[in-house]
Amino acid sequence: MSTDTNELSVHASGVEITGLRKSYGSNEVLKGIDLNVAPGEVVCLIGPSGSGKSTLLRCVNLLEQPNGGTIMVGGFNVTDPDVNLDKMRQQVGMVFQQFNLFPHLTVLENCTISPIKVLKRKKAEAQKVALRNLERVGLGDFGDRYPDQLSGGQQQRVAIARALSMEPTLMLFDEPTSALDPETVGEVLSIMKNLAQAGMTMLVVTHEMAFAKEVADRVFFMDGGVVVEEGKAVDVIGNPQQPRTQDFLRRVLDPTHVDI
Amino acid sequence: MAMTTRQRARMSKTIQIAIFIIAIIALVLAVDWNKAIYAFFSFDKLGPMFPGMILVGLKNTIFYTIISFAFGLILGLLLALMKMASFAPYRWFATAFIEFFRGIPAILVLLAFGFGLPQAFGTQWPQPVNVMCALGLVSAAYIAETLRAGLQAVPKGQTEAARSLGMPAWRAMVTIVIPQAFKIVLPPMTNEIILLTKDTSLAFILGASMAQYEMTKFGRDGISQIDAGITPLVVAGLFYLVITIPLSLVARKFESRAAKTKR
Ligand SMILES: Nc1ncnc2c1ncn2[C@@H]1O[C@H](COP(=O)(O)OP(=O)(O)OP(=O)(O)O)[C@@H](O)[C@H]1O
Ligand SMILES: [Mg+2]
């Protein structure tokens, strides 16, 4: 981890998901998922719409309550009913498709509110950390703006800086570029690539196959609530073995086919 | 006699103006203006109403409004949270409360506190407490619905983002959701305070000591004690506007500031 280009020092933790099940009513969305992410590893989740990628990600920080299986994050057993939820979430940064910045707070306040209120950091110290993270995402001069004064790409970069300001040991990304204009997708992906190189553990749901192939250590292909294929990124995307994976990739990579 | 739409529109406008002018002329001719002016505008005779109207009446109207609103706001917030709770009995209770107090006239609730309590429990509360409880209960029912709508208008992603930053549920509510809901509920809340201000006029039916009079009571006493038609009521009305119009203006200012920083 070089500190000259990446000021971030990452203390990364791993994720161990075993037999994860989740149902909405009678609709079983996750049918026993096993997935490990080693500390500092980048894993991308791909798969068709409705296959349960978001649900899986949201189970990891308990935005959704699993119905079965276990999830370990760092030292935390997330699925233990007695787990200190807020303590666990402080370690897990999440970036949403729709950014979800706090519109009534400035960019800087977005990044300092939780460190101050939750981690009980001093304001000056929280601002220092937040500014460093905003500089990291190329928005050091934007602290006084409000979110609606930024482009989509800039908002998503703030969202990443906000998550980093809690100094997480694991980052979850749920289709972070799907709501962006095509010309701003690159700026967000390059920040994520930076973060990966700095040693952050990352679990990323994405439809950006080029990114997955280049940045991810491993790729999981999900369909219908199960992991259909998993392996090294180059193998799963470059040379898929399962017919369902082949079919999915053909549709995603076919430029004449519109797929979201 | 085919007319174009344009001609027909102009014709109908002319007719409306004509009717309006005729009505005004009829009014001017039919009304006995000396009597009317005496009844409504005998301001010169109102000396005895002052300074009590302001020092006691205006003060009490504002005081009753503030305590009723404070009570209604706290209770209303509680009811709004109950109505959104996952525990069903909370929701049932809140719904029943809201439907009941929204559905009956405020004056009945006021009478229940003023005359029902002493009969049922042998206790007599001071006038301000009766007013605060009665109007507070009624306004809580309206405020609860307004707050619930406002809180639910804040996108779910805001709570999720706050929770995933490690905020406990109450902290996400206080720091992220309520400030955004506040901007949404400001206009309906202003309405609520204005309605409440006017509802404090119902206090007069409970009777009260002189020090507890609010503006309508002063107006009514003025009619019977001063030979000035209903001018005392006109003055009371004007003083209500002295409260409500600045309220509207302040709210509008807040709103435009909120609009500037958007959402
Ligand atoms: N809150 C919910 N209540 C009921 N059903 C839900 C809920 N959230 C998701 N689902 C269902 O669970 C299934 C998986 O949804 P999920 O959002 O995890 O899919 P996804 O793989 O992320 O798809 P996409 O690529 O469209 O984001 C879908 O069939 C969806 O309808
Ligand atoms: Mg999804």
Side-chain angles (χ1 to χ4, degrees), chain A residues 54 57-58 60-65 84-106 109-121 126 144-150 155 158-159 161-168 170-174 179, chain B residues 73 77 80-81 84-88 90-91 146-190 250-263:
Chain A
S54 297
L57 210 62
R58 292 160 59 85
V60 173
N61 69 351
L62 244 54
L63 285 181
E64 303 290 346
Q65 185 69 45
N84 185 336
L85 243 180
D86 301 320
K87 269 263 153 30
M88 179 276 288
R89 285 183 176 140
Q90 290 163 24
Q91 290 200 20
V92 182
M94 180 136 186
V95 176
F96 300 85
Q97 184 175 348
Q98 298 298 338
F99 330 135
N100 292 343
L101 292 181
F102 305 133
H104 62 303
L105 302 178
T106 64
E109 286 164 348
N110 263 275
C111 298
T112 56
I113 184 98
S114 218
I116 292 172
K117 301 287 184 191
V118 177
L119 300 180
K120 305 293 175 200
R121 293 270 162 79
D144 293 335
R145 301 237 195 150
Y146 282 89
D148 66 344
Q149 299 169 317
L150 303 180
Q155 290 190 49
V158 172
R162 176 176 72 175
L164 290 178
S165 296
M166 291 295 285
E167 296 173 344
L170 161 69
M171 287 282 287
L172 308 173
F173 294 83
D174 191 0
Chain B
L73 188 63
L77 182 61
L81 294 175
M84 300 190 308
S86 50
F87 187 54
Y90 283 159
R91 292 201 303 271
T146 303
L147 289 180
R148 185 185 57 83
L151 291 172
Q152 285 179 344
V154 177
K156 217 169 155 245
Q158 292 290 307
T159 309
E160 291 182 349
R163 296 305 306 273
S164 61
L165 285 165
M167 290 188 200
W170 69 267
R171 165 62 72 191
M173 196 63 166
V174 169
T175 318
I176 303 302
V177 178
I178 288 179
Q180 293 181 58
F182 178 74
K183 289 174 184 175
I184 300 170
V185 302
L186 197 61
M189 223 43 150
T190 310
V250 170
R252 207 169 306 159
K253 191 147 231 162
F254 256 113
E255 249 172 88
S256 63
R257 191 178 325 152
K260 239 172 261 161
T261 57
K262 290 257 175 72
R263 276 207 287 179

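Order of the sequence lines fixes the chain letters, A, B, ..., with proteins taken first and strands second; residue numbering starts at 1 for each chain.
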Check whether B:Ala169 gets within reach of chain A through its side chain, its backbone, both or neither, counting any heavy atom under 4.5 Å.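 It is neither, since no heavy atom gets under 4.5 Å.
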
Please rank A:Asn61, A:Leu63, A:Val95 by heavy-atom pairs under 4.5 Å with chain B and give me the top one.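 Going by pairs under 4.5 Å, I would pick A:Leu63.
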
By the salt bridge (charged side-chain N to carboxylate O under 4.0 Å, His left out) test, which pairs, at least two apart or in different chains, include something from residues 155-180 of chain B?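 Non-adjacent pairs meeting salt bridge (charged side-chain N to carboxylate O under 4.0 Å, His left out): A:Arg58-B:Glu160, A:Asp86-B:Arg163, B:Lys156-B:Glu160.
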
Interatomic distance, A:Arg162 atom CZ to B:Ser164 atom OG [nearest 0.5 angstrom]: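 Reported to 0.5 Å precision, the distance equals 7.0 Å.
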
Please check if the side chain of A:Gln90 supplies one atom and the backbone of B:Met167 the other of a donor-acceptor pair under 3.5 Å.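 Here the side-chain-to-backbone pair does not exist.
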
Nearest non-hydrogen partners of B:Leu165 and A:Val118, listed with the distance: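 Minimum heavy-atom contact is O-CG2, 4.4 Å.
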
Per-residue contact mode, A:Val92 against chain B (heavy atom under 4.5 angstrom):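 Answer is backbone: N, CA, C or O of A:Val92 sit under 4.5 Å from chain B.
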
If you draw a 6.0 Å radius around CZ in B:Arg252, do more than 12 non-hydrogen atoms from other residues or ligands fall strictly inside?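 No.
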
Heavy atoms from other residues, nucleotides or ligands near CG of A:Asp144 exceed 12 (cutoff 6.0 Å):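 Not buried by this count: 12 neighbours or fewer within 6.0 Å.
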
Given side chains that start at C-beta, do those of A:Phe102 and B:Pro179 come closer than 4.5 Å, heavy atoms only?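 SC-SC contact between A:Phe102 and B:Pro179 ruled out.
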
Can you check side chain to side chain contact (heavy atoms under 4.5 Å, CB included) on B:Ile176 and A:His104, steps first, answer last? CA-CA 8 Å; B:Ile176 303 302; A:His104 62 303; 4.2 Å; yes

